[in-house]
Amino acid sequence: MPRSRPSRRTAVRPASSPATTHGSSAAARLTESLTTLAETHRCVVVLGPSGSGKSFLLRAGLVPWLRNTEDPGLRPATIRILTPGPRPVRDHRKLFTPAEGPGDTWLVVDQFEEVFTLCHDAEQQREFVGLVLSAQEPRSRLRVVVGMRADFYARCLEHEGLARVLGEASLPVGPMTPDELREVIVKPAAAAGLIVERALTARLVVEVHGAPGALPLLSHTLLETWLRRRGRTLTVQGYEAAGGVHGAIAQTAEDFYTRLAPDRAETARHILLRLITPGDGAPDTRRPIGRGELATTRCAVRDAGPETVLHELARARLVTLDDDTVDLAHEALITSWPRLRRWLEDDRERLRRHRRLTSASHNWHERNRDSGGAAARHRTRRGPGRLFHPRAAHRTDRAGSRFPQSVDPRETPAHPPRPSGHLGPQRAAGAGARRNRRRRPEDDRGRHAAASGGLP
């Protein structure tokens, strides 16, 4: 059976064709609703479940419409697309400066939930929300359209201005109807000269309709069924061999993982766990990271670093590589692959600690101080129990400054020093140093072992 890879133009890959994410009729309907809302409101929020097609609506619906509109009041001076990331203010503040020339500057803020999942600095969160809401002022010459997962709706209600926008200018993206799903399956295939068995179409519609994260699941399933097609026909037999809607992603991941040598498999586990933010009262989410952070990933491969395994994951379509950013290819992978779920449950608390400490290291760099105080900063310079990974402590960012890229909880003391109260910074550091000198070496080793535990 054919196993060649489809080209990027193959229509059965939902990410590559407008019809494949919300069908031509559904896409047109939602784009019209969004543009009508954007005509009368300078700040708009698009929200829906994970995998509902929000990003597609923004990037392949709104953006082309803006580029082609003849309305002088809406014709943009420029269009800027961003995702917040862990440091939204530092990374994107300049994008909120309007471009010169006639027209407003339009900002499309995709995956707005990253403000809450990746950024753990409350001050930066408030400041970035303020930047978004600044577009409401007509003299700002800004217009902002935000895309956000619906399960973070309550977090937005904690901000008065965002709550007002949600009440006045929000567009929910709900599930597609059976007819729209049928269109999403059949039309792109026909445009590529392919045939989908009627029995397969009917089965896909029944199994996908109303399913959480349906579109990424459908996307991957169609691709795997295409790889197992018979001639030009996508068949029920190929669909079942791929694992079906709910098993295709898991089967792809499990097949890839079990073919790896043990050392590469262990490194793949560490990489994949780095790409997930464990939920705390919210679902687990993707965590896009820079490749520099993976330099601190514990690597079991003797003849190569994490980069080798990373490219193998990309070839297996489990991660995506975009310039310096690494991300999971499908958020549905988190919930659909049982092995990954077990890893997450086993390491959940340690992963949360790692994320908090990594965030603290970035804040330390940005503010040129450690939120844990001078005594804690003194301890980061010591050997056992140091806060920063030794290989990451002096990496250089693209701007040329030296800062800790990430924090490894395996090298964090189980009992960090208490704040020094009324002591001044220098006296606190001196007191911490005296305590450290009095501590027996075996005590440090015991704390280091307690904070360890094989965390990626």
Side-chain angles (χ1 to χ4, degrees), residues 5-30 48-61 147 149-150 173-192 194-229 232-255 283 286 316-318 320 327-337:
R5 294 175 68 85
S7 72
R8 291 186 177 272
R9 297 180 62 85
T10 300
V12 295
R13 296 188 66 180
S16 61
S17 169
T20 57
T21 296
H22 251 83
S24 57
S25 61
R29 171 175 55 81
L30 283 168
S50 175
S52 59
K54 303 179 297 297
S55 294
F56 172 84
L57 176 61
L58 296 174
R59 296 168 184 260
R149 275 175 42 174
V173 179
M176 287 186 289
T177 67
D179 286 343
E180 290 169 343
L181 280 171
R182 191 172 294 107
E183 186 178 24
V184 103
I185 295 164
V186 174
K187 280 195 171 182
L194 300 171
I195 300 169
V196 183
E197 285 184 347
R198 288 188 178 182
L200 174 57
T201 302
R203 186 166 171 180
L204 284 168
V205 169
V206 169
E207 295 189 8
V208 170
H209 183 239
L215 293 176
L217 292 173
L218 179 61
S219 167
H220 191 84
T221 302
L222 286 172
L223 174 57
E224 292 298 319
T225 304
W226 184 91
L227 291 170
R228 295 163 175 82
R229 69 195 183 280
R232 295 189 302 115
T233 304
L234 278 65
T235 65
V236 171
Q237 182 180 5
Y239 168 78
E240 292 176 343
V245 167
H246 299 289
I249 290 181
Q251 181 170 305
T252 297
E254 190 67 15
D255 288 348
R286 292 192 300 193
R317 304 186 306 279
L318 299 180
T320 59
D327 196 4
L328 287 180
H330 304 277
E331 196 158 57
L333 185 67
I334 300 174
T335 55
S336 299
W337 188 18

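Scanning both residues, A250 and S336, for their nearest heavy atoms gives CB-O, 3.2 Å. Here the shortest heavy-atom pairing between V196 and A189 reads CG2-CB, 3.7 Å. Scanning both residues, P49 and V173, for their nearest heavy atoms gives CD-O, 3.5 Å. Across all non-hydrogen atoms, the minimal contact from G238 to T225 is C-CG2, 4.1 Å. The two residues E183 and P188 come nearest to each other via the heavy atoms O-CD, 3.5 Å.
R317 is listed as a side-chain neighbour of H220, based on a closest heavy-atom distance under 4.5 Å. Side-chain contact between L217 and V208 is absent, with no heavy-atom pair separated by less than 4.5 Å.
Among residues two or more places apart in sequence or in another chain, the side-chain contact (heavy atoms from CB on, under 4.5 Å) test is passed with T335 by none. Every residue two or more places apart in sequence or in another chain was checked for a side-chain contact (heavy atoms from CB on, under 4.5 Å) with R198, and none qualifies. Scanning for salt bridge (charged side-chain N to carboxylate O under 4.0 Å, His left out) contacts around D255 gives an empty result, with sequence neighbours left out. When the side-chain hydrogen bond (donor to acceptor under 3.5 Å, both in side chains) test is applied to T235, no partner is found at least two apart in sequence or on another chain. By the side-chain hydrogen bond (donor to acceptor under 3.5 Å, both in side chains) test, D327 is found to be paired with no residue, residues two or more places apart in sequence or in another chain being considered. Partners of E331 under the side-chain contact (heavy atoms from CB on, under 4.5 Å) rule, at least two apart in sequence or in another chain, are S50, R149, T285, R286, I334. By the side-chain contact (heavy atoms from CB on, under 4.5 Å) test, A253 pairs with L318, L333, W337, sequence neighbours left out.
At distances below 3.5 Å, not a single donor-acceptor pair connects side-chain atoms of E180 with backbone N or O atoms of P175. Side-chain N or O atoms of K187 include none that pairs as donor or acceptor with a backbone N or O of R182 at under 3.5 Å. The closest donor-acceptor contact from the side chain of T252 to the backbone of A248 lies under 3.5 Å. Side-chain atoms of Y239 come within 3.5 Å of backbone atoms of V245 as a donor-acceptor pair (strictly under, hydrogens ignored). A donor-acceptor pair under 3.5 Å is formed between the side chain of T201 and the backbone N or O of E197.
Expressed to the nearest 0.5 Å, how far CD of E254 lies from CD1 of I249 amounts to 14.0 Å. Taking CG from L30 and CG from L57, the interatomic distance works out to 5.5 Å, rounded to the nearest 0.5 Å. For the atom pair Q251 CD and T221 OG1, the distance stands at 10.0 Å (nearest 0.5 Å). To the nearest 0.5 Å, atom CG of residue L222 and atom CD1 of residue I185 are 6.5 Å apart. In this structure, CD in Q237 is found 11.5 Å from CG in L200, a value given to the nearest 0.5 Å.
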Stepwise, does the side chain to side chain contact (heavy atoms under 4.5 Å, CB included) test hold for L218 with L204?
CA-CA 8 Å; L218 179 61; L204 284 168; 4.1 Å; yes
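Contacts classified as salt bridge (charged side-chain N to carboxylate O under 4.0 Å, His left out) and involving residues 205-221 (residues at least two apart or in different chains) are given here: R203-E207.
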